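Each remark here refers to the structure printed beneath this line.
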Amino acid sequence: MALSVLESARAAYENLNDRERKLVTVLGVVLVALFVFLPIWLLTSSIGDVQEENEQIRQALRDISRHGGELAQWEEERAAAERRYQTPAPPLGSFLEAKAREAGYDRPLEVTDQPEKVSGGFTRRNTRASLPGVGLRSAIDMMAAVENSPYPVAIERLHIEHYQTGDRYNVQLGVIAFDKNDRGGRGGGDAQDDGDAPRRTKRPGPPAPP
């Protein structure tokens, strides 16, 4: 059967004119080239894709290695923030008065407590304090002591007036504290849930709760 097929093909080829024979020859060369070079091209393309994927993996590993220190630092900061929330801040009024005395301010503070707010498993306490006639150095030392305390507190509001002569200023502070609740939801007393999550302050201090 194979011989008959070959004989039929040879007879058909011999019956072709010169132009048709040239076209058949070109077609045969193209088919041979496809059978020979197509597998090689596919293999080369596959190898190139694998090499590109390997390079992407190596680049990702290099990025992880390069940023490993930053990732460790972020994790350390997160753990430090969690530790701060484990120690609730004392009543903010007495806390601010103590920091003011440590900074050398010997006059009584005008303290006003704001309503507590509960959001996302945290209770936010807010207190505003006025320091009339305080020296600038004492005010700065007091604010630094508040921000650097081991408690989850932060200064969210600051207003300074210089209506007096010399080193005497009227300073108003807004200080917030975040208490982590054992259970989410409402807290006791006058606490209310307004849906506002605690915001991150730009000054050094405890990061906002997640």
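Values in this document were obtained by computation on a predicted structure and should not be read as measured data. As a basis for the values below, the full set of heavy atoms in this structure was taken, side chains included, without hydrogen atoms, waters or symmetry mates.
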Could you tell me the separation between the [atom1] atom of [X] and the [atom2] atom of [Y], rounded to the nearest 0.5 Å?
X: Thr123; Y: Asn181; atom1: OG1; atom2: CG; value: 3.5 Å
X: Tyr169; Y: Ile160; atom1: OH; atom2: CD1; value: 8.0 Å
X: Phe178; Y: Arg124; atom1: CZ; atom2: CZ; value: 6.0 Å
X: Lys99; Y: Leu109; atom1: NZ; atom2: CG; value: 13.5 Å

Taking the side chain as C-beta and beyond, is there a heavy-atom pair between [X] and [Y] under 4.5 Å?
X: Ile176; Y: Val153; value: no
X: Ile140; Y: Arg137; value: yes
X: Lys180; Y: Gln86; value: no
X: Asn170; Y: Leu131; value: no
X: Phe122; Y: Pro152; value: no
X: Tyr151; Y: Pro90; value: yes
X: Met142; Y: Val171; value: no

Tell me every residue that passes side-chain hydrogen bond (donor to acceptor under 3.5 Å, both in side chains) with [X], counting only those two or more places apart in sequence or in another chain.
X: Glu55; answer: Arg58, Arg62
X: Arg125; answer: Asp179
X: Thr127; answer: Asp113
X: Gln56; answer: none

*For Ser130, which residues count as a side chain to side chain contact (heavy atoms under 4.5 Å, CB included) partner, sequence neighbours excluded?*
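Ser130 satisfies side chain to side chain contact (heavy atoms under 4.5 Å, CB included) with Glu110, Gln172 once adjacent residues are dropped.
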*Without swapping roles, check the side chain of Glu147 against the backbone of Ile155 for a donor-acceptor pair under 3.5 Å.*
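Between the backbone of Ile155 and the side chain of Glu147 there is a qualifying donor-acceptor contact (under 3.5 Å).
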*asked:* Between Tyr105 (side chain only) and Pro132 (backbone N and O only), is there a donor and an acceptor less than 3.5 Å apart?
replied: yes
*Side chains of Asn126 and Glu156: do they bring a donor and an acceptor to under 3.5 Å?*
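Checked: Asn126/Glu156 side chains pair up, N/O donor to acceptor below 3.5 Å.
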Name every donor-acceptor pair, under 3.5 Å, that has one atom in a side chain of residues 26-38 and the other anywhere in the protein, sequence neighbours excluded.
none

*Ala177 and Leu92: which non-hydrogen atoms are nearest, and at how many Å?*
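Ala177 and Leu92 have their closest heavy atoms at CB-CD2, 3.9 Å.
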*What are the two closest non-hydrogen atoms of Arg168 and His162, and how far apart are they?*
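Where Arg168 meets His162 most closely, the heavy atoms are O-CD2, 3.1 Å.
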